[in-house]
Amino acid sequence: MALDEYEKRDFQVIGSRPVRPDGIDKVTGRALYGADAVLPGMLVGKVLRSPHPHARIRSIDTRAAAALNGVRAVVTGADFGEIRKGETRNVAENAMAFDHALYDGHAVAAVAATSEAVAREALKLIEVDYEVLPHVTEIAAAMAPGAPVVHAGFVEDSVPDGFSENVTARHEFGHGDLEAGFARADKVIARTLKTAATHQGYIEPNACLASMGPDGRGDLWCCTQGHYFVRQLCAEIMGIEESRLRVTASEIGGGFGGKTTVFVEPVALMLSKKAGAPVKLVMSRNEVFRASGPTVSSEIDVKIGMTRDGRITAAEAELRYQGGAFPNITVMFGAMAAFAAYDLGAVRTVGYNVLTNRPKQAAYRAPGAPMAIYAVESVVNELCEELGLDPLEVRLKNAARKGTKSSYGPTFNDIGLVATLEAAQAHPHYRAPLGPNQGRGLSCGFWFNFGGNTSVSLSVDMDGSVSVTEGNPDIGGSRASIAMMAAEELGIPFERVRAIVADTASLGHNDVTDGSRVTFAVGLATIKAARAAKKELCKRAAMMWGIDEEAVTWENGCAKPSGPNAGSFEPLPIEKIARKSPRTGGPIAGHHEVNAEGAGVSFGVHLCDVEVDPETGHTKILRYTIFQDAGKAIHPDYVEGQMQGGAVQGIGWALNEEYIYGKDGRLQNPGFLDYRIPVASDLPDIDTVILEIPNPGHPYGVRGVGETGIVPPLAAVSNAVSHAIGTRLYELPMSPPKILKAIREG
Amino acid sequence: MVAVTLWGSLRALTDGQAEIEVEASNFKEVLTALEQRYPALAPQFERGVSMAIDGVIYKESWATPVRPDSEVVLMPLMVGG
């Protein structure tokens with residue numbers, strides 16, 4: 001497809017801040033989330049989970065559970081064991097263990113019963129005969145030759161000899177002569193940095209209601225970031241055609257990447273099929289932590305060379321990520337993103353994916369990038385400290401810009417990194433004085449952003465109001481931004497447009513809400529759909545006036561005669577054309593289907609001030625400012641919210657959040673009491689500065705903004721803490737005991 | 001002819017070649033030409049690839065035109081997030 005070139009224009013609706021269309025529903029409780037779905041005769045589903053991090057399942061005896069009064073169905077891996085291949089098989093095996101329990105919390109059986117109490121009782125009656133196997137949960141141990149093999153059969157050709165079978169893939173990127181580059185450096189620093197696995201921490205636990213009919217057709221209601229992908233996965237797992245399964249997305253209480261796959265949905269469908277009744281399955285918070293998809297943990301070696309005046313001469317990194325018992329490509333993104341902010345003549349990154357006995361990782365905002373860029377930005381700052389250089393000046397000196405050959409291959413077009421750095425440099429925050437035990441840190445951030453397959457339908461209703469049907473769950477304000485783009489294009493007030501999220505049977509395919517793609521791709525399709533509707537509206541006006549279609553133009557919500565021979569007519573507003581539509585050819589609509597390309601990368605810069613209590617090791621965030629390129633902010637409230645939300649999650653990642661596994665291989669902190677996410681009282685107001693460097697691949701210049709915001713906080717906070725305490729930590733989270741230890745060891 | 005740059009991991013499958021010239025006028029023809037010359041690339045292509053053409057990343061759009069002077073960089077398939 002040809003790229004939709006950006007056109008500079010004066011906006012009427014875009015850039016304003018109308019009241020969000022889902023606000024009333026959400027504050028009054030009218031909004032329906034995953035667990036709110038109900039059907040007559042609905043059963044309650046519950047899942048039995050492995051207490052062992054690694055075990056062979058010798059047998060499962062479900063007879064007593066099945067015989068319990070009120071139990072209507074029991075399923076195990078045997079019900080899912082049909083031949084499938086690739087990622088769908090992995091998803092199915094993660095949803096229900098086939099013959100091995102691969103991590104603490106791995107589902108091994110499930111029941112559907114008439115009440116929750118009966119379902120819980122039934123789980124106790126299921127007897128699983130386990131052969132407990134050696135386990136491994138940490139990266140280095142899992143990579144070592146002779147390590148317990150977590151899950152055999154996934155090693156790709158790219159992996160060299162000498163590793164355990166848990167190393168499944170090797171990815172390499174880069175260009176230039178590293179040896180010569182390092183030889184030119186006045187200072188070279190090499191460090192190993194580690195980050196813990198974290199969870200997206202969405203407030204709404206995974207939940208669904210499944211109803212499979214005896215005719216093999218089914219319905220599924222669930223909280224998800226992508227109900228078309230849910231349909232694809234579940235239909236394949238259930239062995240039915242996609243059209244036989246209709247999936248409806250509920251409102252979503254957070255996803256952040258974690259709800260781009262399925263966990264309980266295939267289980268609920270299989271229980272419903274066996275029970276012949278609808279089954280609702282809602283994960284507890286404990287289950288969400290143990291058996292949904294956290295992000296990877298990482299170990300990263302970084303080596304960077306710099307001249308005395310701050311020019312980076314060479315850079316390399318080896319990244320080792322574990323993402324649980326199934327393969328994934330997150331480390332590939334890390335290896336691509338690590339040095340994306342820099343204009344480098346010599347750069348190389350190598351990434352290894354490692355299997356461990358932990359839950360199957362899922363995406364988490366800019367997957368793979370936060371930890372990689374944390375490692376790089378920490379070492380860049382350390383070089384600046386060693387050489388006595390201003391860290392922001394050094395980043396400006398080395399910043400990627402238009403024409404830079406990126407570290408992952410392509411040459412950048414118009415990008416906003418230099419603009420964000422200059423905005424940070426000019427901001428009062430950068431020069432504000434600091435007190436005792438206080439420090440300031442900064443970091444750059446980057447994400448690729450995706451486009452993808454998108455369908456949009458737009459209807460001009462009979463009174464001239466407009467309905468837009470999209471197929472991506474609204475996780476960050478898409479109904480508002482889509483309605484705004486439709487209103488802008490049609491020249492009508494925002495309030496006259498309603499955007500809804502359709503089920504999978506009501507609209508063409510839409511990719512998952514991921515990669516910060518929706519405002520870009522669905523927005524693009526909406527603009528095209530609106531343009532199609534405008535063309536039809538002009539045609540109808542021409543018919544009403546009795547002039548040529550080409551002699552009509554569209555302006556401010558009205559058709560107007562245009563050109564010397566068009567004649568003189570009063571402008572026809574959309575409502576008048578709509579009301580006459582039965583007489584001029586019937587309903588008026590526009591639609592557009594596209595695999596949207598040209599998403600345009602996004603850069604950001606974060607400034608962070610902290611104060612560290614030298615007696616307790618507690619870190620308080622004093623001030624935080626975000627500078628990010630949004631291309632064009634459609635609804636600035638939401639853009640700021642995305643930037644702030646990403647920063648808060650990154651701050652939690654930097655300071656407190658971590659999956660803690662005991663020597664027994666079991667997760668020690670599966671709850672928000674022991675897994676500490678930042679709350680409002682932990683944080684200052686987070687200031688945002690939106691920059692708008694238009695994306696040439698979108699008619700309005702939009703870039704995705706949902707993910708870049710989580711990337712810089714890890715290093716920004718770490719650099720600030722290092723500045724405050726005078727010594728550097730190389731591991732996240734920087735929880736109080738670790739900071740105290742660092743202070744005491746100097 | 002179009003010069004196609006491969007990402008590092010693929011070079012082991014192309015006798016160490018980082019840049020390969022092929023006769024192609026669009027995304028799909030680039031892949032076909034590369035696969036004909038280096039059959040070992042087929043499994044990776046089956047898993048999926050993206051292609052950056054003049055700095056713009058295309059995920060799967062086979063018909064995207066490629067000019068002789070285009071910068072063409074093969075990249076892993078960009079999914080997830």
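Reminder, nothing fancy here: chain letters follow the sequence lines and each chain counts from 1.
Distance check, rounded to the nearest 0.5 Å: CZ of B:R11 to CD of A:E172 gives 6.5 Å. Interatomic distance, A:H171 NE2 to B:L10 CG, rounded to the nearest 0.5 Å: 11.0 Å. Expressed to the nearest 0.5 Å, how far NZ of B:K59 lies from CG of A:D511 amounts to 5.0 Å.
Nearest heavy-atom pair across A:E597 and B:Y58 is OE1-CA, 3.3 Å. When every heavy atom of B:P76 is checked against every heavy atom of A:M332, the shortest pair comes out as CB-SD, 3.0 Å. Here the closest non-hydrogen pair linking A:Y408 and B:I57 is CE1-CD1, 4.3 Å. What you find for B:V56 and A:G598 is that their closest heavy atoms are CG1-CA, 3.4 Å.
Heavy atoms closer than 4.5 Å to chain B are found in the side chain of A:F448, but not in its backbone. Contact annotation for B:L6: neither backbone nor side-chain heavy atoms come within less than 4.5 Å of a heavy atom of chain A. With a 4.5 Å cut-off on non-hydrogen atoms, A:D157 does not touch chain B at all. Interface residue A:E156: only side-chain heavy atoms are found under 4.5 Å from chain B.
Between the side chain of B:D54 and the backbone N or O of A:P410, no donor-acceptor pair lies under 3.5 Å.
Side-chain polar atoms of B:E71 and A:T411 form a donor-acceptor pair below 3.5 angstrom.
Remark: A:V155 engages A:V159, A:E165 in a side chain to side chain contact (heavy atoms under 4.5 Å, CB included) (not counting sequence neighbours).
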